[in-house]
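This chain uses plain numbering: 1 for the first residue, then up along the sequence. This is a predicted model, so every value here is computed, not measured.
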Amino acid sequence: MPLSLKNKKKQLVPELYKFTSDFNSVIYIVIWNSLGFFFIEFIMAYLIKQVLNYPAPQLGLFFSFITLGGLISSIFVGYLTDRFSKRILVMIGSFGRGLSYFGLYVAIIFESLIGMYISAFMLGMGAYLFWVPLDAIISEKSSKYHRSSAFGKRRFALGIGIVLGTVLGFSIFGLASFFTPNNVFIIYGAIPIFGISNFYAGIQFSRKVDEFKIFVYPEDSNVQNSLLEQELDSTIEKSKTQSSHHYFLGIILLFSALLLSAINVGFYRPYIQPYVLENINSNAALVAWFYLPTSIIGTLIAPKLGTIADKINPYLVISIASFLGGIVTWMIINSGNLWIFAFLLIVDNTIMLTVGFVFVNFLSRVSIKHRGKVFSLITLFESIGMIVGPFLGGLVWESISPQAPFIISIIVEWSLIAFFVVGIWILNPYVVESLENKKDK
């Protein structure tokens, strides 16, 4: 058998059965938009605390303003996504983030803390103006049978961008600090480069992505329109029957679980690194080298995780993964070795990513008409979680013990399994893009 035919037989699902022809152009923008993620987080903590010698609350406010900007934009961006051009919203988000990087660069040069806060707020607003419509576009340009894989590719692009941006940022920062230690223009020169990359991404996205080109199922060229008509008809029917109560009960259960889960993640995740520094190894630089790769590795294998998530029963994934996640968290706080800690954190991140892909897959299929609002709610709850969770976790850390946030989070994670499973079970009959009639490709 010729090699080409052999490869075709192995490729059970061709790309055209998974994504639109311009899907890679959509994913490509994520690399350019994510270059500054890790570098900005690290450099601003270093600058505000170590260089400018501001107290910890001032440092915390910088990250709070990023979250606040995202929280405010998530309130209205879902509405805009469902009613206006998603391509234009993505471009506005990209340009907004680009401007925020330039604002941050100027604020650093003039050592203006207020300027840093304003730029952080703009960065948060631009981020969600970018992510919500982009996620809606990714959903429209991918098959419902491969939606987790689509978001896995997005996560992979995010990881590539973080790696490239981290290498570029720290190379400029390190070399400039060594050769021109007093020249802040060069030391922080990577920041405006990240701003330019966001401008470039917005322009390229506008040029190469056609938001009206949606995924068409080979077995039915009119499936998207028929699904939308079905959704509109079922909405009218549900308003006349008792089934609407079941629908809203499923929505309430699922999004309540999402909110509590977001708070729970914020409750313990920020304290993993401080816990390791106090109980496993006090060398911050060494811990950082072990900590960073654990996040990147999980991100780089995201496409494979997404492919796996597409094939597994969601009830099974959420139940087993949440249970194992609690056990892994317990093992992390009881590990006494950095190598074991790094391995367990990779496992923990892998579990979180897989569950996240399953969950976003399901929610992306609940509604076509209100898909933007769904993604907006997800980002809204994530923002609330990152505001409320760390504050509550810090109180528990100080008032009870450093282990307490992790133990409580394990209990909460296990308790939420029922909410997620029952919520999906109730809502599943009302999903517009149902997988019940899945065909073998």
Side-chain angles (χ1 to χ4, degrees), residues 13-40 77 81 85-101 123 126-143 146-169 190 192-216 295-307 310 353 356-357 360-361 364 371-372 375 379:
V13 185
E15 286 295 300
L16 62 89
Y17 283 80
K18 296 180 181 181
F19 315 111
T20 60
S21 58
D22 64 343
F23 180 80
N24 287 334
S25 296
V26 177
I27 297 301
Y28 181 68
I29 189 180
V30 177
I31 297 176
W32 292 101
N33 277 96
S34 56
L35 293 179
F37 277 18
F38 182 79
F39 181 78
I40 292 297
V77 70
T81 298
S85 168
K86 301 177 186 66
R87 179 179 60 85
I88 292 177
L89 287 174
V90 169
M91 190 167 62
I92 291 173
S94 293
F95 274 77
R97 292 170 71 177
L99 287 172
S100 71
Y101 280 122
L123 184 61
Y128 283 173
L129 277 170
F130 168 82
W131 285 116
V132 172
L134 182 75
D135 286 347
I137 289 176
I138 289 173
S139 299
E140 292 174 349
K141 292 182 177 293
S142 59
S143 164
H146 304 282
R147 192 68 47 76
S148 293
S149 177
F151 282 98
K153 287 177 178 290
R154 191 204 76 166
R155 186 76 187 210
F156 176 78
L158 180 73
I160 293 294
I162 290 174
V163 171
L164 294 176
T166 300
V167 172
L168 174 65
I193 293 176
F194 298 149
I196 293 171
S197 74
N198 276 269
F199 293 150
Y200 174 78
I203 293 169
Q204 288 294 97
F205 189 87
S206 178
R207 288 179 58 243
K208 294 188 176 181
V209 176
D210 179 5
E211 67 178 303
F212 299 107
K213 182 185 287 186
I214 62 175
F215 182 83
V216 176
S295 299
I296 293 177
I297 289 172
T299 302
L300 295 182
I301 63 173
K304 186 62 178 178
L305 296 178
T307 302
D310 280 321
L353 282 174
F357 292 146
V360 78
N361 181 333
S364 73
R371 185 174 274 151
F375 283 119
T379 56

Show the numbers, then the answer: is there a side-chain contact (heavy atoms from CB on, under 4.5 Å) between T166 and F37?
-> CA-CA 8 Å; T166 300; F37 277 18; over 6 Å; no
Stepwise side-chain contact (heavy atoms from CB on, under 4.5 Å) check, F19 with K153 = CA-CA 11 Å; F19 315 111; K153 287 177 178 290; 3.5 Å; yes
CA sep, side-chain torsions, deciding dist, call: F39, F194, side-chain contact (heavy atoms from CB on, under 4.5 Å) | CA-CA 10 Å; F39 181 78; F194 298 149; 3.6 Å; yes
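The shortest heavy-atom contact between P133 and L89 is CG-CB, 3.7 Å. In terms of heavy atoms, I31 sits closest to A157 at CG1-O, 3.5 Å. Annotation for G372 and T81: closest pair CA-CG2, 3.7 Å, computed over non-hydrogen atoms.
Considering CD1 of I196 and CG of L35, their distance stands at 11.5 Å, rounded to 0.5 Å. Taken to the nearest 0.5 Å, the OG atom of S206 stands 9.5 Å off from the CD atom of Q204. The OG atom of S34 sits 6.0 Å away from the CD1 atom of I162 when rounded to the nearest 0.5 Å. Note: I88 CD1 to L129 CG = 13.0 Å, rounded to the nearest 0.5 Å. Note: I203 CD1 to K208 NZ = 12.0 Å, rounded to the nearest 0.5 Å. Rounded to the nearest 0.5 Å, atoms CD (E140) and CG (D135) are 11.5 Å apart.
Side-chain contact between F156 and V30: absent, with no pair of heavy atoms (C-beta onward) separated by less than 4.5 Å. Contact check for V77 versus W131: no side-chain heavy atoms found under the 4.5 Å cut-off. Residues I92 and F130 form no side-chain contact, since every pair of their non-hydrogen atoms from C-beta on lies 4.5 Å or further apart. Residues F215 and F23 form no side-chain contact, since every pair of their non-hydrogen atoms from C-beta on lies 4.5 Å or further apart.
Between the E211 side chain and the K86 main chain, a donor and an acceptor come within less than 3.5 Å of each other.
Here the options are L134, I138, V360, the test is side-chain contact (heavy atoms from CB on, under 4.5 Å), and the partner is F375; only V360 passes.
A search for side chain to side chain donor-acceptor pair (under 3.5 Å) contacts involving D22 returns T20, K141, not counting sequence neighbours.
Contact check on D210 versus R87 returns no salt bridge, with no Lys/Arg side-chain nitrogen under 4.0 Å from an Asp/Glu carboxylate oxygen.
Ring centroids of F95 and F199 are separated by less than 6.0 Å, placing the two rings close together.
Taking the six-membered ring where the residue is Trp, W32 and Y200 present perpendicular rings, their angle passing 60° and hence far from 30°.
Among pairs with a residue in residues 89-101, those fulfilling side chain to side chain donor-acceptor pair (under 3.5 Å) read N33-S94, at least two apart in sequence or across chains.
S142 and K18 are not linked by any side-chain donor-acceptor pair at a separation below 3.5 angstrom, with hydrogens and angles left out of the test.
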